[in-house]
2 protein chains.
Amino acid sequence: MALISKSCEYGLRAALFIAARGDNGFVPIHDISRDLGISFHFLTKILQKLTQNGLLKSYRGPSGGIALARKAHDISLLEIVRAIEEHDIFSTCVLGLKNCGDSTPCPLHQHWARERTRIESSFGSMTLDKLSKPIANGTLRLTD
Amino acid sequence: MALISKSCEYGLRAALFIAARGDNGFVPIHDISRDLGISFHFLTKILQKLTQNGLLKSYRGPSGGIALARKAHDISLLEIVRAIEEHDIFSTCVLGLKNCGDSTPCPLHQHWARERTRIESSFGSMTLDKLSKPIANGTLRLTD
DNA sequence: ATGTTAAAAGAGTCTTTTGTCTTAATATGA
DNA sequence: TCATATTAAGACAAAAGACTCTTTTAACAT
Ligand code: SF4
Ligand code: SF4
């Protein structure tokens with residue numbers, strides 16, 4: 001019972017990690033993997049999704065790695081979640097019913113639809129630069 | 001990416017179904033399974049958890065089945081979720097970090113901790129009787 | 001050219017969740 | 001007693017998710 005999948009957690013943490021570095025150079029995935037304690041090969045595939053969706057850019061060869069494709073203030077956590085998760089929590093039902101919507105409500109709709117949009121806009125308002133600053137300060141953590 | 005597991009969805013729907021019947025008789029699991037389109041044996045095991053946790057009571061043999069163990073106004077969805085899910089979404093982190101808490105916050109804490117408790121109290125305030133009335137009316141649905 | 005560093009791609013394994021099937025155990029009624 | 005209806009329990013199978021390993025491709029340095 002987790003809001004987002006492991007893949008998504010890893011993707012978010014990696015993106016925040018890259019943003020927290022501040023410099024615009026390419027960070028090797030191996031470094032991210034080591035510092036965050038995430039399996040290298042697994043993380044690689046997750047980050048591939050993010051580059052394919054235009055959120056990150058990659059560069060091969062020596063001194064290559066991964067970098068933000070846009071400015072940190074222009075990338076929201078919502079975009080990252082959407083790029084990694086195939087099904088969208090923000091448009092699915094708590095009860096898992098199909099054809100979910102105001103016209104065919106299930107008993108939890110009144111409550112859940114409100115929470116759902118609240119969480120969605122919350123994720124939409126969180127940008128990498130807002131969240132990564134306190135990480136760089138050492139105030140907030142990205143690991144256990 | 002779902003807030004709750006399939007098992008939990010099924011458990012909630014079944015509990016609402018039983019509550020919507022109104023009468024205090026035992027409902028055979030087979031009936032619930034058929035009407036809600038849930039695998040009989042799978043549902044049986046989920047409902048066993050609920051009876052073991054004192055939310056439902058069961059009776060074997062002819063005209064046996066499952067019934068609410070307490071009054072419908074006294075059973076909240078939160079209790080049902082807690083009985084079925086082993087890990088508790090309301091105390092885990094979006095980023096999956098351990099030792100989650102105000103003293104060791106991750107970057108999303110400020111946002112997530114608030115949503116988390118909001119959802120928890122929402123589930124706590126939803127009781128079977130409140131939600132099942134409109135189902136009995138035919139206003140709200142429990143199936144696709 | 002050749003070797004080294006790094007991401008990309010894809011096959012394969014392990015684990016958890018979901019679902020099926022079979023066999024008990026319990027209650028009822030003829 | 002015996003047949004029937006029902007939950008309980010547990011073994012098993014299938015699917016999805018999480019993770020590992022190997023090979024390929026790209027970039028750079030010498
Ligand atoms: S009606 Fe609302 S609560 Fe029910 S399935 Fe649709 S979105 Fe979810
Ligand atoms: S500090 Fe908040 S956001 Fe971070 S892991 Fe704990 S609950 Fe989650």
Side-chain angles (χ1 to χ4, degrees), chain A residues 1-15 18 25-69 81 83-87 89 92 95-96, chain B residues 1-15 18 25-34 36-69 81 84-87 89 92 95-96:
Chain A
M1 189 186 187
L3 182 68
I4 58 181
S5 66
K6 278 277 177 218
S7 297
C8 207
E9 289 175 10
Y10 295 163
L12 288 173
R13 287 170 62 204
I18 296 169
F26 288 95
V27 188
I29 298 178
H30 194 80
D31 290 9
I32 309 175
S33 158
R34 176 179 20 80
D35 288 13
L36 296 184
I38 302 170
S39 151
F40 169 72
H41 293 288
F42 193 32
L43 182 58
T44 295
K45 281 197 291 201
I46 296 165
L47 295 184
Q48 273 174 35
K49 276 197 193 177
L50 295 180
T51 59
Q52 284 159 2
N53 280 270
L55 297 171
L56 301 178
K57 59 188 173 186
S58 67
Y59 208 79
R60 302 198 226 197
S63 76
I66 297 284
L68 301 183
V81 170
I84 295 173
E85 300 279 5
E86 60 302 343
H87 298 314
I89 188 185
T92 58
L95 292 187
Chain B
M1 188 187 189
L3 183 68
I4 58 180
S5 67
K6 278 277 177 220
S7 296
C8 205
E9 289 175 10
Y10 295 163
L12 287 172
R13 287 171 60 203
I18 296 168
F26 288 93
V27 188
I29 299 179
H30 193 81
D31 290 8
I32 310 176
S33 158
R34 175 179 23 81
L36 297 183
I38 302 170
S39 150
F40 169 74
H41 293 288
F42 193 33
L43 182 58
T44 295
K45 280 195 292 200
I46 296 164
L47 295 183
Q48 272 174 36
K49 277 198 192 176
L50 294 179
T51 59
Q52 285 159 2
N53 279 271
L55 296 171
L56 301 178
K57 59 188 172 184
S58 66
Y59 207 79
R60 301 197 228 196
S63 75
I66 297 284
L68 301 184
V81 171
I84 295 174
E85 301 278 3
E86 62 300 345
H87 298 311
I89 188 184
T92 59
L95 293 187

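In what follows, chains are A, B, ... by sequence order, proteins preceding strands, each numbered from 1.
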Just to be sure I understand the geometry, which residues of residues 56-68 of chain A put a non-hydrogen atom under 4.0 Å away from DNA chain C?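 Under 4.0 Å from DNA chain C: A:S58, A:Y59, A:R60, A:G61, A:P62, A:G65.
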Output the rounded distance in Å from [atom1] ([X]) to [atom2] ([N]).
{"X": "A:F42", "N": "C:dT13", "atom1": "CZ", "atom2": "P", "answer": "18 Å"}
{"X": "A:R13", "N": "D:dA18", "atom1": "CZ", "atom2": "P", "answer": "14 Å"}
{"X": "A:I29", "N": "C:dA9", "atom1": "CD1", "atom2": "P", "answer": "11 Å"}
{"X": "B:E86", "N": "C:dT18", "atom1": "CD", "atom2": "C1'", "answer": "13 Å"}
{"X": "A:I46", "N": "C:dA8", "atom1": "CD1", "atom2": "P", "answer": "13 Å"}
{"X": "A:E85", "N": "D:dA18", "atom1": "CD", "atom2": "C1'", "answer": "13 Å"}
{"X": "A:L47", "N": "C:dA9", "atom1": "CG", "atom2": "P", "answer": "13 Å"}
{"X": "B:I4", "N": "C:dT18", "atom1": "CD1", "atom2": "P", "answer": "10 Å"}

Show me the pairs that pass salt bridge (charged side-chain N to carboxylate O under 4.0 Å, His left out) and involve residues 2-13 of chain B, at least two apart or across chains.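 Only B:K6-B:E9 qualify under salt bridge (charged side-chain N to carboxylate O under 4.0 Å, His left out).
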According to the salt bridge (charged side-chain N to carboxylate O under 4.0 Å, His left out) rule, which pairs have a member within residues 39-66 of chain B, sequence neighbours left out?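 Sorted result for residues 39-66 of chain B: empty, none.
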With a 4.0 Å limit, can you tell me whether B:Q48 has a side-chain N or O closer than that to the phosphate oxygens OP1/OP2 of D:dA9?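 For D:dA9, OP1 or OP2 has a side-chain N or O of B:Q48 closer than 4.0 Å.
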Ignoring backbone atoms, establish whether A:Y10 has a side-chain N or O less than 4.0 Å from OP1 or OP2 of D:dA18.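 No, outside the criterion.
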Within residues 30-41 of chain A, which residues have any heavy atom lying less than 4.0 Å from an atom of DNA chain D?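 Correct list: A:S39, A:H41.
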Go through the structure and list residues passing side chain to side chain contact (heavy atoms under 4.5 Å, CB included) with B:S7, not counting sequence neighbours.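 Here the qualifying residues are B:S5, B:F42, B:I46, B:I84.
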For [X] and [Y], work out which heavy atoms get closest and say how close.
{"X": "B:G11", "Y": "B:L50", "value": "O-CD1, 4.2 Å"}
{"X": "B:A69", "Y": "B:G54", "value": "CB-O, 3.4 Å"}
{"X": "A:G25", "Y": "A:A67", "value": "O-CB, 3.8 Å"}

Walk me through whether A:I66 and A:F26 qualify under side chain to side chain contact (heavy atoms under 4.5 Å, CB included). CA-CA 5 Å; A:I66 297 284; A:F26 288 95; 5.6 Å; no
Point-to-point distance, once rounded to the nearest 0.5 Å, from CD1 of B:I89 to CG of A:L3: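 If we round to the nearest 0.5 Å, B:I89:CD1 and A:L3:CG are 5.5 Å apart.
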Can you name the side-chain hydrogen bond (donor to acceptor under 3.5 Å, both in side chains) partners of B:R34, sequence neighbours left out?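 Scan of B:R34 (side-chain hydrogen bond (donor to acceptor under 3.5 Å, both in side chains), adjacent residues dropped) gives B:D31.
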Using C1' atoms of five pairs at each end, report the bend of the helix from C:dA1-D:dT30 to C:dA30-D:dT1 rounded to 10 degrees.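 So the angle between the two local helix axes works out to 10°.
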Could you tell me whether the side chain of B:L68 reaches within less than 4.5 Å of the side chain of B:L55, counting heavy atoms only?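 Side chain of B:L55 against side chain of B:L68, heavy atoms only: no contact under 4.5 Å found.
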Just to be sure I understand the rule, does B:E9 reach a base, reach only the sugar-phosphate, or reach nothing, if contact means heavy atoms closer than 4.0 Å?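 Nothing, no heavy atom under 4.0 Å.
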Give me the distances for all protein-to-nucleotides 1-3 of chain D N/O pairs that come in under 3.5 Å?
none

In chain order, what residues pass the ring-ring contact (aromatic ring centres under 6.0 Å, His included) check against B:H41, with sequence neighbours excluded?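 ring-ring contact (aromatic ring centres under 6.0 Å, His included) check on B:H41 returns nothing, list empty.
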Is there a side chain to side chain contact (heavy atoms under 4.5 Å, CB included) between A:L43 and A:L47 once you walk through the steps? CA-CA 6 Å; A:L43 182 58; A:L47 295 184; 4.0 Å; yes
Output one letter per nucleotide in nucleotides 11-16 of chain D: B when a protein non-hydrogen atom lies under 4.0 Å from the base, S when only the sugar-phosphate is that close, - when neither is. B-----
Stepwise side chain to side chain contact (heavy atoms under 4.5 Å, CB included) check, B:L95 with A:L12: CA-CA 8 Å; B:L95 293 187; A:L12 288 173; 3.9 Å; yes
Any donor and acceptor pair, going by atom type alone, linking the side chain of A:S33 with main-chain N or O of A:I38 inside 3.5 Å?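 Side chain of A:S33 to backbone of A:I38, a donor-acceptor pair under 3.5 Å: yes, one is there.
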